Asks: 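Mind looking over this structure? Questions follow.
Predicted, not measured: the structure shown is a model, and the values here were computed from it.
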Amino acid sequence: MGFMDDAKETAETAGRKIQDKWEDTTDAIGDKIDEAKADADVKKAEAERDSVETRNSLKEKMRKS
């Protein structure tokens with residue numbers, strides 16, 4: 001019975017380690033996705049800011065003419 005109990009315990013431990021590694025990997029992937037989304041949001045906001053600055057500058061030049 002001891003050999004079977006050891007084998008069962010070893011299999012359960014391996015299963016837990018695999019599950020933990022899987023969860024860590026999915027968390028890391030999720031973090032990278034969140035990071036990419038945040039970078040995209042920043043780039044979009046910067047582009048919008050630049051667009052508004054350009055538009056305002058052009059309006060100002062038109063007013064002075």
Asks: Is the CD atom of Glu9 crowded by more than 12 outside heavy atoms at less than 6.0 Å?
Replies: no

Asks: How long is the span from the CD atom in Gln19 to the CG atom in Asp24, to the nearest 0.5 Å?
Replies: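 Output value for this atom pair is 10.5 Å.
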
Asks: So how far is it from Met4 CE to Asp6 CG, rounded to the nearest 0.5 Å?
Replies: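 Output value for this atom pair is 10.5 Å.
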
Asks: Can you tell me if Thr25 uses its side chain to pair, donor with acceptor, with the backbone of Lys21 under 3.5 Å?
Replies: yes

Asks: Would you give the length of the straight line joining atom CZ of Arg49 to atom OG1 of Thr54, rounded to the nearest 0.5 angstrom?
Replies: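 The CZ atom of Arg49 sits 10.0 Å away from the OG1 atom of Thr54.
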
Asks: Decide yes or no for Glu23 and Asp20: does some side-chain heavy atom of the first lie under 4.5 Å from some side-chain heavy atom of the second?
Replies: yes

Asks: Can you measure from OG1 (Thr26) to CD1 (Ile33) and round to the nearest 0.5 angstrom?
Replies: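 Going from the OG1 atom of Thr26 to the CD1 atom of Ile33 covers 10.0 Å.
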
Asks: Inspect the contact between Lys43 and Glu46 and indicate whether a charged nitrogen and a carboxylate oxygen are less than 4.0 angstrom apart.
Replies: no

Asks: State the CG-CG distance between Asp34 and Asp39, to the nearest 0.5 angstrom.
Replies: 11.0 Å

